[in-house]
Every structure is written in C-alpha cells, then in structure tokens.
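Order of appearance sets the numbers: ligands from 1, and atoms from 1 within every ligand.
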Amino acid sequence: MREQWANSGRDLHLVVAPTAVRASIEQGLRDAIQSGRLTPGTLLPPSRSLSQDLGVARNTVAEVYAQLSAEGWLVARQGSGTRVAALIGSIPPVPPAPEATTNPLPYDLRPGQADVSTFPRQAWLASARRAMATAPAAAFGYGDPQGRPELRQAVASYLARARGVRANADTVVICSGFHQALWLLGRVLREQGHRQVAAEAFGHQSYRTLLEDSGLQVAPVEVDDAGGVPPSHARWGAVLLTPAHQFPLGFALTPERRTEFVRWARNTSGVIIEDDYDAEFRYDRRAVGAMQALAPEHIVYAGTASKTLAPGLRLGWLVLPERLFEPFVAAREQITGQASVIDQLTLADFIASGAYDRHVRRSRLAYARRRRRFVEEVSRHLPSGRLVGLAAGLHSVLELPSGLDEAEAVRRAKVHGVAVARLDDYAAAPGQRRPSLVVGWAAPPAHTFTSAVRRLTTSLTPDRRTPPAR
Ligand SMILES: Cc1ncc(COP(=O)(O)O)c(C=O)c1O
C-alpha cells in the first residue's frame, strides 16, 4: 500500500493499493468527497500531474475522473479542469439518533418533487434570447390577466395535441401554478354562492385548506382502486379530481367512472376540476388522455410546469368552461402575483420550438430508469413491502410489511437519513388503507438515488436497524 501526497500544485492525500490501483484511487476520491475533505468546487490536479505524483499511468487517472464524473461526484469542463461537484459536499453524515436529525435529511424521497437538477438551462436560455429579441415593447407592461397570448396559444396547441384537451388560446388562463389557480377557483365558486365542494379523500391537505380559506366546506370523495367514486346526486359546487393519476394512490380513473362524474356534473350543474399534474410521465404505454374533452362545458382543466420543468417557475394553466371564464379572469385581475411576462414568453417559445417535448421525453426516460431501479431494490431488499400505483408519475405508494405502522416507518427511515411521507399525511381521515409510505423517486441527485432507496428498504426490514454502508 503506497500513501501519497499528490501535490501537482494542490495536495491530495490518496492511498494507492498496488493490486487494485484504479479502484483504490477511485474509492479514495469518493471517500474524500463524501467525508467533506474535498469540498464542492475544489479543483483537482490535471490527470497528467496526478498520474505522475501517484506513479500510475495517465490513462488510469483519466478513467477514474471519467467514472466519477459519470457518477456525479466530479464535473469536468473543457478548459477549466475537473472539480468536485456542487451537491455532494452538502450531504451531511447520517445523524446518530432521531432527536439529532434536522431537516432536510440527506436523502430526500418525499413525493411531489421533480428532478430540478436536469432543468434544461441551455435550451431555456436559447428560448429566452429569442423571446426577448422578438417581444413587442407592449409585452413589458402590466400584462393581460389572462396571460400572454403567445403562451396561451402554445399551451392550447400542446394540450390539444398531447393531452386531447379541447382548448384554444381564448379559453386558456395562465396562473402562478396550480395552487394559485385553485385558490382563485375557490373564491369564484364562493362568489357564485356555492358553500360546499368536494375533493378526493386522498390528496394534498394544502388543497383542502385553500378551498376552505374561501369559505367553502370540503366533502371527501371516496377513492378506491378505480379512482374517485362518483357521487349519485350530491349538490357540490365542484369536485377536485386527479383522473389521469390519482394523487397519491396512483390509480387512473376508469372510463366508466369518468362518464359517471360527467353525468353528475350535467345533472347538478357542478364543475369538475381536473388536476392533470404529472400525466406526461406514464410508463405502461397506456394512453390516459385528459377527461376535459368529455364535457368542456363542465370541466376546468388544470396543468402545471412544476413536474415537467420546475416548480420554481411558478407557471401553470387552466382551460376554463365559458361560464367560469369571465369571473375567473376578473378574480385573477384583482391579485398581483402574475407570472413574469419574460418567463411566459420564454415558455411560449420553449413549447413552440419543440424543446418542451424533447425535455419531457428525456425526463420520462430518466424517471422510468429510477422507477425500475426502485422496484428492483424494493423487491430484492424488502420483499414483504408491496408497491402500488407504479404506472405513472414520480412517486409510488409502498405498503408496509405487516406489523409496521406509518409513524414508526418514518421514524426508522429518518434514523437512516431518509425523508419520506406517510400515506395518512394525504388522507382526509386517517387509517383508511393499509399503513403505507408515499415514496417520491425524483428528488435525490442521480448518484445518491440507489443509496437512498437501499437505506429506506434496510430501515424497514424488521431486524435491520443500522444504516447500511454506502
Ligand atoms: C397533485 C398535484 N397537483 C398539482 C401540483 C402542482 O402545483 P403547482 O403548479 O402549484 O406547483 C402538484 C405539485 O406538487 C401536485 O402534487
């Protein structure tokens, strides 16, 4: 074993094992980065000088750098050398005890998040440049409460093509994400005299709260394996559904149920709010189109860029039935918090130029790989757990091995440095289904994904309580 100071202008302490030269350099660098000894941004010696210092072939070092770059530990840039990647140094060590655990935990498997590290910066910049070069001066004024016409047009064409939505630019309204859209819809419904609406019995608590803030009572819509259960004649002003991919259970609303909900809407003049939040990410090749085309006069279609691009953009869109259009735009006009016109124009170009489709396709492949890895890890290391709702989206429900309750499972995962959510966090009333976790597979950086899942499965295995080695 040779211990070396590779000094090539920058000291680097590495242990080289004579029988496994490449592997030991690789592991030595990985350990140094993981322990924080090499901090993010640190410039590594050029492969030529490091190989001379270590007395190994230059190719060996080049291969180590290439491997660690592929794993995400290093970033190599033409002309500026190889550096330690930004994310890695920020991963804190696994906490020794639950009490000492602070948020955020090192491994984030909570649902509701996208992989923002793959945000298409170059293509977005190119769209921004084109948008800025061609925007009329008037675009930089206060703007239309309905949103920029370029973006409404691009969204309408995309939705018609990709989701089967019946839309044109005049029926689309741009919002700062679905949260804002729902908040405004709640106000409009209340102003129209409605007192009660309904939402699926599983979903974000924040959506129920947004509706309650408008003075509406929120009744639960039962959910089973065929999606939401349609009411026969309940007099709700509106019902909030996730038809393409029930959040968080993962089922698609069956065609029969879709028809029944539409019948309910027609019989009671009710409104269906279709939250189509992650429909682009379907893995079983089964086309599940939007429900809106069945009854555009009763269905508010809602889409968002939060899953396909990034939640930080705060961009979403509604396609509204005629009777809600004017009241909604009037409500929209009363609030500030409009999405920046520059971002709107950029997204319009991004969609119209085909960059949006390309990014969605790339993301779909990447998420499909993570999903496959997740399924393999669970079936290999936690065979007593059952996965539900895997056909689409960026998360899945993991039914816990018998004897393990949700609070205990979250506590154990936390000890292993993993953040996950309980299914009951999303339930209108607790204990309606088998104890489960909701596991998102989009948030961790690619190089920590397998570790994150392995830690989770280990933590849930009845007789294993210590964190696994990396
Ligand atoms: C079920 C569901 N609907 C909609 C959204 C999008 O919300 P927003 O557009 O406000 O980011 C999310 C995002 O996490 C979601 O989980």
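Taking the ring axis of F449 as reference, the NZ or CZ atom of R370 stays within 45° of it and closer than 6.0 Å to the ring centre.
For the pair F178 and ligand 1, the shortest N or O to N or O distance falls below 3.5 Å.
Distances below 4.0 Å separate heavy atoms of R314 from the following atoms of ligand 1: 8 (P), 10 (O), 11 (O). Per-residue contacts place G177 under 4.0 angstrom from the following atoms of ligand 1 (heavy atoms of the residue considered): 9 (O), 10 (O). Applying the 4.0 Å criterion to heavy atoms of H204 picks out, from ligand 1, the atoms 1 (C), 2 (C), 15 (C), 16 (O).
The aromatic rings of F281 and Y367 lie perpendicular to each other, with more than 60° between the two planes, well past the 30° mark.
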Next on the checklist: Could you go through R163 and Q292, starting from their C-alpha distance and side-chain angles, then the distance that decides it, and tell me whether this counts as side chain to side chain contact (heavy atoms under 4.5 Å, CB included)?
Outcome noted: CA-CA 9 Å; R163 302 291 304 130; Q292 183 262 8; over 6 Å; no
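Nearest protein heavy-atom neighbour of atom 1 (C) of ligand 1: D275 OD2, 3.5 Å. Here the heavy atom of the protein found nearest to atom 11 (O) of ligand 1 is S306 OG, 2.6 Å. If you check which protein heavy atom lies closest to atom 14 (O) of ligand 1, you get K307 NZ, 2.9 Å. The protein atom (non-hydrogen) at minimum distance from atom 10 (O) of ligand 1 is H179 ND1, 2.6 Å.
Within the 4.5 Å cutoff, side-chain heavy atoms of Y107 are placed close to those of S451. At least one side-chain heavy atom of R121 sits less than 4.5 Å from a side-chain heavy atom of F119.
In Y207, the part holding a heavy atom less than 4.0 Å from any atom of ligand 1 is the side chain. Counting heavy atoms under 4.0 Å from ligand 1, residue F247 touches it through the side chain alone. Contacts between Q113 and ligand 1, counted as non-hydrogen atom pairs separated by less than 4.0 Å, are absent for every part of the residue.
Using modelled atom types, one side-chain atom of T209 and one backbone atom of Q205 make a donor-acceptor pair closer than 3.5 Å.
W441 and G393 make their closest contact through CZ2-O, 3.3 Å (heavy atoms, listed as atom of the first residue, atom of the second, distance).
Aromatic ring centres of F202 and F247: separated by at least 6.0 Å.
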